[in-house]
Every structure is written in C-alpha cells, then in structure tokens.
Amino acid sequence: MYPPPFDYQAPDSLEEALAILAEHGYEAKALAGGQSLIPLLKLRFAAPAVLVDLGRIPGLDGVEAADGELRIGALARHNQLAASPLVAERCPAASAAAPQIADPLVRNLGTLGGSLAHADPAGDWGSVMIACGAQLVLASAGGRRTVPATEFFRGVFDTALEPTELLTEVRIPSPRGPAGGTYLKLERKVGDFATVGVAVSLELDGAGRIARAGIGLTAVGPQNLRAAAAEEALAGAEPTAEAFAEAGRLAAGGCEPASDVRGSAEYKRHVVEVYVRRGLARALEIARRS
Amino acid sequence: MSEGTRICGIGHSVKRKEDDRFIRGRGRYVEDVNLPRMLHMALLRSPLAHARINAIDASAAQAHPGVVAVVTGKDLEAHKLAWMPTLSGDTQAVLATDKVRFQGQEVAAVIAEDPYVARDALELIAVDYDPLPAVVDPFQALAPEAPLIRDEKEGQADNCCYRWQAGDKEATDRAFAAAEVVVKLKTHYPRCHPAPLETCGCVADVDPATGKATIYMTSQAPHAHRTLFALVAGLPEHNIQIISPDVGGGFGNKVPIYPGYVVATAASLLLGRPVKWIESRTENLISTGFARDYHMEGELALDRDGTMRAVRVKLTSDNGAFFADAQPTKFKAGLFHIVTGSYDLKAAHVEATGAYTNKAPGGVAYRCSFRVTEASFLIERLVQNAAYELGMDPAELRRKNFIRADQFPYRSATGFVYDSGDYHRALDLALDKVGYAALREEQERLRREGGDKLLGIGIASFTEVVGAGPAKDYDIAGLKMFDSAELRVHPTGKAILKIGVQTQGQGHETTFAQIVAGELGIPPEDVLVQHGDTDNTPYGLGTYASRSTPTAGAATAVVARKLRDKGRKIAAHLLEAAEEDLEWHEDRFRVKGVPEKSVTIQDVAFAAYTNPPEGLEAGLEGVHYYDPPNMTYPFGSYVVAVEVDRGTGEWKVRRMVAVDDCGVRINPMIVEGQIHGGLTEGYGIAAMELITFDEDGNCIGSSFMDYLLPTAWETPKFETYATVTPSPHHPIGAKGVGESATVGSPAAYVNAVIDALAHLGVRNIDMPVTSAKVWEALQRAGV
C-alpha cells in the first residue's frame, strides 16, 4: 500500500487523543480498527495530515450491563461482540448483525465505534443502533454529550460528530419484557456491503402485545434509516402476520433506495418489505422463547 | 509396493513438488526480485475514457525529490516506442500521445528511488485533457454516427475492428428455412476479469556494460515475449533474457505484453539501472486483459421430435480501444465456432463483428481456449431452452443429439475434427450421481406447494477444443504453436527436463516429471522440471488454452522415448544382447525370457557417460519440438441443483456434480484441483463477477469490493467424477484439463436457476445472475 504522506500519533489516553483532535481539527483523522480508513488511504481518497491511532487507549472496548443498559465501548471489535454472551442476551439484533459484517479479517480488527463514526449508509451497525434505541456518547476536550442513534446520522459519511470529538461508547437500553431482535442482510457475497439490511428489535408487554418495535434500515437511503411509520403502526398492536406484512409495506414505502449495480430501487424496496416481515417474525420467535 | 507404484508415473496422485516452497512462503515472484540500484516505476493513468491530450506538464514531478525520470508518450515517440503491436495484429498505445481511449490507459511514467515517491509524483503531473464523448456500447460504437475511436489508424473510418465468419452460411440458412422449431436466445456473456492474485509486473535490468536485457516478468509465454520484445524494441534477441519466476496465477491475464513492461525496459535501457514496476489491484482490473464481453444471438433449428439440425449465431464482441485479443492469428473470434458443442449438427454458421469501444483492450482467453467458453455457454443455454420449447426433458434432448461414441473421429459442421468422446457415458454418470429423478420429483412438489423455495436443475454437457495447435492452422503473431521439451539424464540417473511452457500454478514441476517417469522409469522426485527462463529452456509458445499437456506434455513423452531408444542400444551393449532381444519394463531393459537379466535406466545413464558402446554418441539427452497433428477435445457433463428464494431472488447451489473426461489423467489429484478451481471460477462468473462501465466510460469493478470473487463461503461443494476416453493421437492419450470446468460450468449454474423459474415462463437471465436480476425476471414473468 502506498498512501499519501501523513503524520502519525498514537496517544496512550483518551485525554491525550482529544487534545490532539482539538489541536488539529479537520486535519486529523481518528484511526480505530482501520478497516475503512486504511483502504481509503491506500486508494488516496483520504489524505489526513495527522492520523490519530486510538489502539493504545485502554478501557474503550468494554462490554457491560449497568443501570438497565448495555454499554459497549467504541473500540469493541465486531468479533468480540459476535462472541459476547451478554450482547446475545441483551441485544439479539446486535448479536445477529456482528457475524454478518464484512469478513473474518475485518471482524477481527474493525470496531463498533469506527463503523458508526464512518457512517457509511451501507454500514450495518447504524441500523442496529437505531432499531435498539441506542444512545451514543461523544467526548471532546470540552466534555461529553449523548446523542440518540436516530439523530447521530446526518447523511452519507456525515454524523453529529464534531472534528474534535470521539465516539466513546454506545448505550443500548435493556428490554423490560420478553424481547427479540435480529438482523437480516442481503449481500452479493460475504464481505460485500449490504444490498439491503434490516435490523429489527421487538419488545412485548405482559399481554403479549407489541410494547416497542424498532426497525433500522441499511443501504436504502443516504444514511441508516429508522422505519418510523412501521414502528408506529406496530406499537401496541398484536404481533400477527398481517401486522408484520403491513409493517413491511410501510418500511418499504418510507425508504429511499437508489438503483445501482446491486439492484434497482424497486428491488431494494421489495427486499425491505420481505426482510421486515421475516425479521419481525424471527424476532417474535425469539421474544416468545425469552 | 509394486515397482510401478515406486516410480509413480502416469495415473498417480503424487503430491505436488512445488508445494513445499509455496507452503513455506518460499516461492519467488517478480515482486520478490530486488536488485542493487533498482528504481521503481509507477504509471499515470487516464481518469477519462475518451479525451484529447492537449499538453502534459511533468516539470513539478520531475523536480520532486527522489524522482529520477518522468516518461511520456512524446519521449517514447523519439525511440519509435509510443505504439506497439498487439497479439491480434492491431496497434496499442504504450503511453498515450494523441488521445486517451479508455479509463486507466497509460499516460506517463514516473521512475523514482522508491515506490512511495513514484506515486506521490504521479499527482504532480498535470495533463490537459479535452473530453470527448465516450463510446461504451458496442452496438452504438458500430452505428454510423458514433465518434471515431481509432482516428489515428490509417484507413479506419468506423469502430469496427474485424468481421469474421465460420461455417456454411447457405447450408445453415437452408436448415433454418426448413426447420419445424427454431429456438432463439439473445444473451450477453459479460466482461469479466481473470483477476490473478498476483498482479502483473516486471523488473527490467538492462546492463549498460554488456547490453544484455534481463527482464523478470509475470509472463505465461516468456519465449514469445522475448521474440516480440526483439521485434518491437529492436533489441538483439540473444541479448534478451525473459525470466518468469513463480507466477501467482495467470488464467490468460499474463499472455499479452503490457505497456508497463515496455516502459520499464525502455527506462532501464536509458537510465542504466534496474527498474521495477508492479501493478496495483485496481490497475490490474481496469487496464489489463479482460475476458468475454460477447453479445450473442443464437438460434437452434430442430425437428419437433427433438432432432437438432443447425445452429446459427450472430455475435458482436466488445474489444475495447485496441484489438488486443490473445488468440491464433487466423481466428478473429477465437475458436468460437466450436459452438456446435457435443451435438451432431449438420450445419452451423457464425458471423462475428468486433467493435472498438472506450474500454480496456485485451480480450484474453480467461481460463479458456480462445472463446470456447462463450460458445459452450451459448449452445448449452440454447439446448436447455429448446427442451422447454419442445416439452422434453433437457437430459433426454441432449442424449438424443449427442455425437455417438462410434462417430469419432467426428468432423463438425464448422470443420473441427473431434478426436474422441463418449458423451452419453459422462452424462449418465452425472445424472446417476446427482439422483436426477428424485430431484425432478422434489422440484414438482415444491412448485405444487407454492412456497418461497423453488428448486432448479441445470445441465451442461460441454465439449472443449484445446491444445493449440497444429502449425498449419495455429500461430500467434506468426509464431507457430508447437511446443518443446529438452531432457538431460545425468550420469547418476537424475534428470533435468526443460520445457517451453510456463506454469502459473498448474503443477508442471510434478506432472511433467511424472510423464518422464512413465516413459523412462526415472522417479518424479529425480526429475527437476525447469521452465520460465528463456536462456535455459527450449522455445515454446507458453501456457494457456489448456495447451501445456497436449503440446509440451507430448514433446516430453516423445523426447523421453527418444532417450529410451538410445538407452536400448546402451543396454544391449551392457547386457551383451541384441537390441531386438530386449524388452522395456517400467524402469529397465530386460532380456526377453530372462527377466532377471536386466539393466535399469540408471545403469544405462551411467554407461552413457562412462561406457558408451563404440560408435554411439556419448551422453543421454535430447530435445523435441512437437507439432500436434490435431487439437484435443476434453468434455464432460455437469449437473447443478439450486434453491431459489422467490422472496428475494437469492439462489444457492445445493448440489454440483461434475463428470470430466480429459483423456488419460497424469495426476488425478492435480486434475481434481484444476476442476475445483474451474468450477469455482465458473460459479463466480455465473453469480457475481462483472466489469461494467457507466455511460461516461468509468469502470465499475475496479477493486475487489466491486469486482466480486467467490470466497470459500459462497463456493459450492463439488462432487467430482471422471470418465477416461484417451486422445488417440496424443502420445500418452491426454487431452488437457486446465479449463474444462471454467468453460463448462457457467451454463450449468445458469441453466439451474432458469430451470427453477422455467414453469413461470422465465427463459433467460444474463450473467452475473444476481438476486436482483432473478427478482426482475420474476416481475417480468408477472409473478
């Protein structure tokens, strides 16, 4: 690989990293697992003056349950999440998504935070975070703030992150009742970005009705999308095949896919419909078992 | 253990001798060649598909620290090197002077002290382009109003690069006029890429003191490249040494000569230092020899009872900006006229037109014997659709029309003489192994149930033509397509075999040693096989088109027999017997009727140097140039079962049964490896591989994120079987197998998907058969 020239810094603490970002702003780029940034450097599509390697900062890759939340450090790697029993228990959608991300090499190095901050509309994690109602913790030298996943993504490769900020943690509220979730992904081959991805999270109330449904969509808009109309139609409803089919139609109607080599916009819309329907049915199965 | 097993000649699954070094990471590729004072070259490529070059300002790059030289087309023009001949008799720009004609075309080169600096300096070269309209569709290219791509070419008034036909047009038209049923299929075999894992590159080292040019090069045909270098660059041929070390996959991609080789060599000559040039992945995908890109309109004429009468094809090839296909001179559309396939057709006609477009040049035979893949795909797809049209079982329709075993040698309607075959046996074995009847029942059941899952069964019964070829018909750039072997047996009975072909993973170091073992009784481990160094091997046209075993393999058998004949004289001398009283047995000469009285080949070799009979030339070595009397015709039957998800259009292979017949198998394990590789590549082509372009000529498919290769995850499980029908004219009965599976399998996969949807009226989906296209076909069928 022959990237353009850059300065390289590898801070040992979060404070140090944030100070470097504060100093260089747009000229700096944070390097986590490198699975998106390194290819961009290799192709000379990205030419940051300073590369800030976060790999030596301790304590940013934890997975823990606390205060009714699942807290995942931004440097947690995809494979770590795929193998985590805690993630499987608290967030089955994340557990289903992790092993479908890219290929084993990428999953061994790529991180949750890196993927979210990169904000590729075809990235898988954004949809999962939207479906699960996650909160994202953003830190800068000046302090911390929390942004809901639904407000984090602003467009293609664009997020609420300021150039001086780092995404340090995601917080996923743990369900109170029986719950299930999954992630369905259509890809042309393993390692490909999604043609369409659908993250589903379903929570039932004591009467077996839908207490909360979360649906995030991958690669069918300029960013990971929330299928808001479908979610609203499901809230409080009986979890029937008809309700799921209607949710599929609503989600398909609300997304904004573009035609490309992976398929036409009509096709992608159709797959959203099928996957929302199938995903909800699968999530219900899991919820009823839980 | 019998003596035969000890010697491990033909038919033994000897472990590959070369794998020891590859598994240890001790292979030596061009990129591993590092010479003292070596410089690094990087190429500036055109971002535009079609544009006039007004000016190139390289001054900033030239001034960049670490840059030794910047070379442009103008500099090469001064040495008459701005253009070079292609393998198809056209010309190709080395570095663009007047216009760029495809995205990724070579425009300038930076030679620097290290590869990073070379790439940094590329960004400092300013090229002033005037964009021109890009022509990306061959039919638009051939239309009268199309912008002229090759305006520099004298007498070239349009974008047609060739017109060619084969077969008997009148007889074919008559058969169609009289036909009871005509089945038509219009399909595009898409542009794909051989995508070897090792990209192309070279290290050119012209010694300023001696004038000797040593060029380490990723080449499938080092001897031919040496001669072409001599002719193009005017260098004396004895002062050119091409060394093709270990090659990390070729698949046809490393047959052409690329501009990078020429520029690096010119730079080394001018600068007096070695120059290394190694392509990036993207450069390999966007600028080097692609494959296929044939738009085909096929028609099959049949009687209502299913008797096939004739095939007619109109084909339009998209050849890119320069006609640089790698193929025998006589055949402008390669051996596409093998399109009659495995069937006894009385008439056939192919009409081919080639179009220049603003795309990369170099239609190479990607693991294919010169367009046999496209032909095989078309006829196997046509036969399947004919079965639907007639309401016949596709297997039965094939059986009814196969050339029968007793018809060989068989002269096809387009003039090929098929050497041998037993097509019924191969298909029956495949159907039996896959459990055809049970699959058909399950298919019916799933259709009745009306769920999301559908089952399809696809067959391809292909016949290939490989082993180019007889000198009277086959040459590349005038060089006849014979091949050679030189065998030297040392006094202690160990041997060196030098061959004119060049391995890229085929296992020549093992299989060619086995041929020597089979003929001369020297165990494979005692035979060192050398290739790829033109100073050290006899002349040959290289390895592609499954030709190594049919040509150089035959040469090896013949030269070994020559040595055995000489050995007989020595043995007679040692045994004090008459030559005619001796018999050859595995690795020794025995006195007939007195088997304990014998001398081994090792005894004979020692005597050849220490005690030769009077009057006999000492030594035990020889060379043979083999001109094949005919091509060879491997064949096989593949049966694939796929499951299709009606909801999303996704499909996956449940079964893939492959029966191959490549004649006598030298090393069954290596044959099987070749089949597995080819079936995987065939799957990739059928399912996902595609080099495509937007309307401005921007290449889509320029990295492995866009150009999709199947991984172990997608690759189906293969069930491989063999029948053995020897070639009657090849010295050991072998036919060549490197490409059978790539040629035969794409139609089997596609036929299977179509078969799953056939009851809904779906008759065609062009490759790659993506889930999106399956869904769209279902939509069109009104499902």
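Because the structure is a prediction, the values reported are computed rather than measured. A, B, ... follow the sequence lines: proteins, then strands. Residue 1 opens every chain.
Looking at B/Ser771, both its backbone and its side chain come within 4.5 Å of chain A, counting heavy atoms on both sides. Using a 4.5 Å cut-off between heavy atoms, B/Asp694 does not touch chain A at all. Contacts of B/Leu708 with chain A are made by both backbone and side-chain atoms, with heavy-atom separations under 4.5 Å. Heavy atoms closer than 4.5 Å to chain B are found nowhere in A/Arg277, neither backbone nor side chain. For B/Thr282, the part sitting under 4.5 Å from any heavy atom of chain A is the side chain, from C-beta outward, and nothing else. With a 4.5 angstrom heavy-atom cutoff, B/Met705 touches chain A via backbone and side-chain atoms both. With a threshold of 4.5 angstrom between heavy atoms, B/Ser703 does not approach chain A through any atom at all. Heavy atoms closer than 4.5 Å to chain A are found in the side chain of B/Glu123, but not in its backbone. Contact of A/Val274 with chain B is made through the side chain alone, with heavy-atom distances under 4.5 Å.
Electrostatic pairing of A/Glu246 and A/Arg249 counts as a salt bridge here, judged by a charged N lying under 4.0 Å from a carboxylate O. Note on B/Glu714 versus A/Lys189: no salt bridge recorded, every NZ/NE/NH1/NH2 to OD/OE distance being 4.0 Å or above.
Of all heavy-atom pairs between B/Asp120 and B/His64, the closest is CB-NE2, 4.0 Å. Pairing each heavy atom of A/Glu187 with each of A/Val190, the nearest pair is OE2-CA, 3.7 Å.
In terms of heavy-atom pairs under 4.5 angstrom with chain B, the leader among A/Glu266, A/Arg262, A/Lys268, A/Arg278 is A/Arg278. Ranked by heavy-atom pairs under 4.5 Å with chain B, the list A/Val261, A/Val271, A/Leu186 is led by A/Leu186.
Classified by interplanar angle (parallel below 30°, tilted 30° to 60°, perpendicular above 60°), the ring pair A/Phe157/A/His118 is tilted. Using bins of under 30°, 30° to 60° and over 60° for the plane-to-plane angle, the ring pair B/Tyr683/B/Tyr749 lands in the perpendicular bin. Ring geometry, A/Tyr267 versus B/Trp775: the interplanar angle falls from 30° to 60°, so the pair is classed tilted.
A donor-acceptor pair is defined here as one N or O able to donate and one able to accept, closer than 3.5 Å; no such pair exists between the side chain of B/Gln103 and the backbone of B/Leu48.
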